[in-house]
Student: 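Once you've had a glance at the structure underneath, I'll fire off some questions.
Within every chain, numbering begins at 1; the chains are lettered A, B, ... in the order of the sequence lines, protein sequences first and strands thereafter. All values reported here derive from a predicted model rather than from experimental measurement.
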Number of protein chains: 2
Amino acid sequence: MALTETLEDYLQAIFHEENEKGMARVKDVAKKLAVRASSVVEAVNRLKEAGYVLYEKGDFIRLTEPGQEVAQRTFERNLVVYRFLDQVLGVEPEHARKLTCGIEHHMDRQFFDALSALCFFFERNSDVQEKFRRFADSYEKGMICDMYATLDQFGKGDTLKVIKVSGDAFLRQRLIAMGLTPGQEIVIERVAPLGDPVDVVLRGYHLSLRKEEAKCIKVEKI
Amino acid sequence: MALTETLEDYLQAIFHEENEKGMARVKDVAKKLAVRASSVVEAVNRLKEAGYVLYEKGDFIRLTEPGQEVAQRTFERNLVVYRFLDQVLGVEPEHARKLTCGIEHHMDRQFFDALSALCFFFERNSDVQEKFRRFADSYEKGMICDMYATLDQFGKGDTLKVIKVSGDAFLRQRLIAMGLTPGQEIVIERVAPLGDPVDVVLRGYHLSLRKEEAKCIKVEKI
DNA sequence: AAATATTTTTAGGTTAACCTAATATTATTA
DNA sequence: TAATAATATTAGGTTAACCTAAAAATATTT
Ligand SMILES: [Mn+2]
Ligand SMILES: [Mn+2]
Ligand SMILES: [Mn+2]
Ligand SMILES: [Mn+2]
């Protein structure tokens with residue numbers, strides 16, 4: 001009887017309406033979630049089925065005890081994720097809000113506890129907070145991911161490990177079929193002038209690669 | 001033309017199949033995602049529609065250039081979220097894997113960059129890592145959330161702020177209607193022996209609350 | 001109390017994402 | 001090569017989550 005992401009959002013909206021106005025009405029929930037009233041009625045009937053709300057048509061929507069508990073828990077998740085994005089990572093409020101509404105549905109107790117602790121940790125240790133801020137600023141976008149070298153950048157005698165094969169599907173399939181799979185070790189045997197072709201050895205076999213092909217092979221020197 | 005969470009997962013699965021085996025087949029994608037082959041065919045046709053894969057029936061599934069880019073990006077998100085859960089927060093691999101597959105679809109560039117930076121920060125600063133581990137261990141579960149006091153725990157003259165009203169829907173509605181809304185300040189005027197009733201003043205009005213009711217009002221001393 | 005406006009409910013429809021079961025295809029093996 | 005096994009595809013169906021438009025029920029004004 002686990003709720004879907006959507007129903008968790010409805011429950012949370014009802015919870016907020018009850019707390020803010022004392023009761024939840026179809027219209028207000030609809031507005032809060034940016035859906036039509038008819039969608040709310042449908043969702044509320046599902047929640048009623050599941051035992052999370054009381055609802056008789058014409059009346060207000062009311063959370064049951066279990067409903068309240070679930071809503072409370074979801075809301076606490078929301079709070080901690082938002083706090084993490086906002087205070088620790090410095091994500092823009094606008095974005096943070098939206099991301100939070102997605103992430104809050106993908107949490108378990110362990111994650112919740114650890115994330116809470118992390119927020120507290122940063123709050124209590126402003127020196128760490130400061131240090132991280134400086135550290136993060138020094139990372140300009142793009143510096144972190146996809147920083148692998150490609151095969152064509154190395155020379156005779158280098159021993160390399162294949163990390164990834166890029167390029168279009170057909171080329172990639174061909175290269176992988178030759179044995180250039182992630183994890184494979186290769187040794188450069190010879191590089192022709194201008195880098196084309198590059199001869200390599202892997203698993204005892206020789207392979208001659210065009211420069212264009214070598215560029216598709218992301219490697220790490222070992 | 002934004003992909004749904006599900007289609008992103010299909011794309012990622014195809015990406016992995018291509019990288020591991022050189023090509024992606026319906027059956028293997030189905031196995032990887034724990035769905036039936038017919039579901040894969042349907043999803044692949046949608047991806048083809050959107051220009052992310054090439055597929056002619058009977059042939060392999062192949063990522064197009066855009067498809068590869070999106071898959072790569074999704075995969076990088078997956079990596080960084082997993083790394084965060086696993087290395088920074090210490091979430092169990094099993095759980096971390098599952099949570100990651102949910103969270104990876106709720107990220108933007110800013111979040112990705114900041115989270116990457118955070119992982120690096122912890123990796124590079126093992127002292128901080130250590131310090132956080134100790135800090136987190138000292139937080140036993142439940143210590144963090146829901147630690148509010150309730151109205152019945154205070155005495156004459158205390159000035160309090162209402163944080164939240166709990167209890168069943170009807171009671172809560174009644175209390176909120178009396179003006180006991182989150183944020184409201186109240187002053188305790190008198191507490192009868194055994195704590196029942198509790199008389200309070202808010203917005204210049206007097207209110208007499210049963211002990212049972214007072215217990216539902218979570219407050220903070222100010 | 002009528003008339004008008006707001007809100008809720010119902011009826012009926014679409015789409016994504018699943019499924020089962022039946023029918024092609026394509027590979028393997030005898 | 002024929003029989004068998006494995007894969008892929010189609011056909012047809014379900015469910016959640018949305019929608020529009022119309023009808024019914026409530027509130028608010030004249
Ligand atoms: Mn949400
Ligand atoms: Mn996923
Ligand atoms: Mn999600
Ligand atoms: Mn219907």
Side-chain angles (χ1 to χ4, degrees), chain A residues 1-14 17-18 20-62 67 70 74 98 101-102 104-106 173 177, chain B residues 1-14 17-18 20-62 67 70 74 98 101-102 104-106 173 177:
Chain A
M1 225 212 284
L3 292 172
T4 59
E5 299 190 18
T6 313
L7 287 187
E8 271 184 11
D9 283 338
Y10 278 102
L11 213 55
Q12 218 181 146
I14 294 165
E17 285 298 314
E18 279 196 354
E20 285 157 25
K21 307 184 190 155
M23 73 259 168
R25 300 185 337 150
V26 171
K27 178 193 79 138
D28 297 319
V29 172
K31 189 171 184 190
K32 191 160 263 176
L33 296 178
V35 296
R36 295 310 169 112
S38 55
S39 304
V40 175
V41 172
E42 200 173 294
V44 166
N45 282 322
R46 248 193 267 291
L47 289 172
K48 186 183 167 185
E49 269 296 297
Y52 294 117
V53 302
L54 300 175
Y55 188 54
E56 294 311 325
K57 55 186 173 188
D59 202 354
F60 299 127
I61 307 161
R62 293 190 163 82
V70 175
T74 312
K98 188 157 251 168
C101 182
E104 68 190 354
H105 312 288
H106 303 282
Q173 189 182 341
Chain B
M1 225 213 285
L3 293 172
T4 59
E5 299 189 16
T6 312
L7 286 187
E8 272 184 10
D9 283 338
Y10 278 101
L11 214 55
Q12 218 181 144
I14 294 164
E17 286 298 314
E18 279 197 354
E20 283 157 26
K21 308 185 190 153
M23 73 259 167
R25 297 183 343 147
V26 170
K27 178 194 79 136
D28 297 319
V29 172
K31 189 170 184 192
K32 191 159 263 179
L33 295 178
V35 296
R36 295 310 168 110
S38 55
S39 304
V40 175
V41 172
E42 198 174 296
V44 166
N45 282 322
R46 247 193 267 291
L47 288 172
K48 186 183 168 188
E49 269 295 297
Y52 294 118
V53 303
L54 300 175
Y55 187 54
E56 294 310 325
K57 53 187 173 187
D59 202 355
F60 299 126
I61 308 163
R62 293 191 163 83
V70 175
T74 311
K98 188 156 251 170
C101 182
E104 68 191 354
H105 311 289
H106 302 282
Q173 190 184 340

Student: Mind checking side chain to side chain contact (heavy atoms under 4.5 Å, CB included) for B:Ser38 and listing every partner two or more places apart, or none if nothing turns up?
Tutor: B:Arg36
Student: Please enumerate all residues that pass salt bridge (Lys or Arg N to Asp or Glu O under 4.0 Å) together with A:Glu17, with sequence neighbours excluded.
Tutor: A:Lys21, A:Lys32
Student: Return the set of residues passing side chain to side chain contact (heavy atoms under 4.5 Å, CB included) with B:Lys48 (not counting sequence neighbours), or none when no residue passes.
Tutor: B:Val53, B:Tyr55, B:Glu56
Student: Distance check needed: C:dC18 P versus B:Leu33 CG, whole Å only.
Tutor: 8 Å
Student: Please list, chain by chain and in numerical order, all residues satisfying side chain to side chain contact (heavy atoms under 4.5 Å, CB included) with B:Arg62, sequence neighbours excluded.
Tutor: A:Ala169, A:Phe170, A:Gln173, B:Glu18, B:Leu54, B:Asp59, B:Phe60
Student: Apply ring pair (Phe, Tyr, Trp, His ring centres under 6.0 Å) to B:His106 and list each qualifying residue two or more places apart in sequence or on a separate chain.
Tutor: A:His106
Student: Who passes side chain to side chain contact (heavy atoms under 4.5 Å, CB included) against A:Val70, sequence neighbours left out?
Tutor: A:Leu3, A:Leu11, A:Tyr52, A:Arg73, A:Thr74
Student: Counting the atoms with a prime plus P, OP1 and OP2 as sugar-phosphate, which does A:Tyr10 contact under 4.0 Å by heavy atoms, base, sugar-phosphate, or nothing?
Tutor: sugar-phosphate
Student: Give me the distances for all protein-to-nucleotides 14-16 of chain C N/O pairs that come in under 3.5 Å?
Tutor:
unit_1 : atom_1 : unit_2  : atom_2 : d
C:dA16 : OP2    : B:Arg46 : NH1    : 3.3

Student: Residues two or more places apart in sequence or in another chain: which of them pass salt bridge (Lys or Arg N to Asp or Glu O under 4.0 Å) with A:Glu5?
Tutor: none
Student: Find the distance between CD1 (B:Ile14) and CG (B:Leu47) and round it off to the nearest 0.5 Å.
Tutor: 5.5 Å
Student: What is the distance, rounded to the nearest whole Å, between atom CZ of A:Arg36 and atom C1' of D:dC18?
Tutor: 11 Å
Student: Can you give one letter per nucleotide of nucleotides 6-11 of chain D, 5' to 3': B if a protein heavy atom sits under 4.0 Å from the base, S if only from the sugar-phosphate, - if neither?
Tutor: -SSBB-
Student: To the nearest angstrom, how far is A:His105 atom NE2 from D:dA17 atom C1'?
Tutor: 14 Å
Student: Rounding to a whole Å, what distance do you find between A:Phe60:CZ and D:dA25:C1'?
Tutor: 15 Å
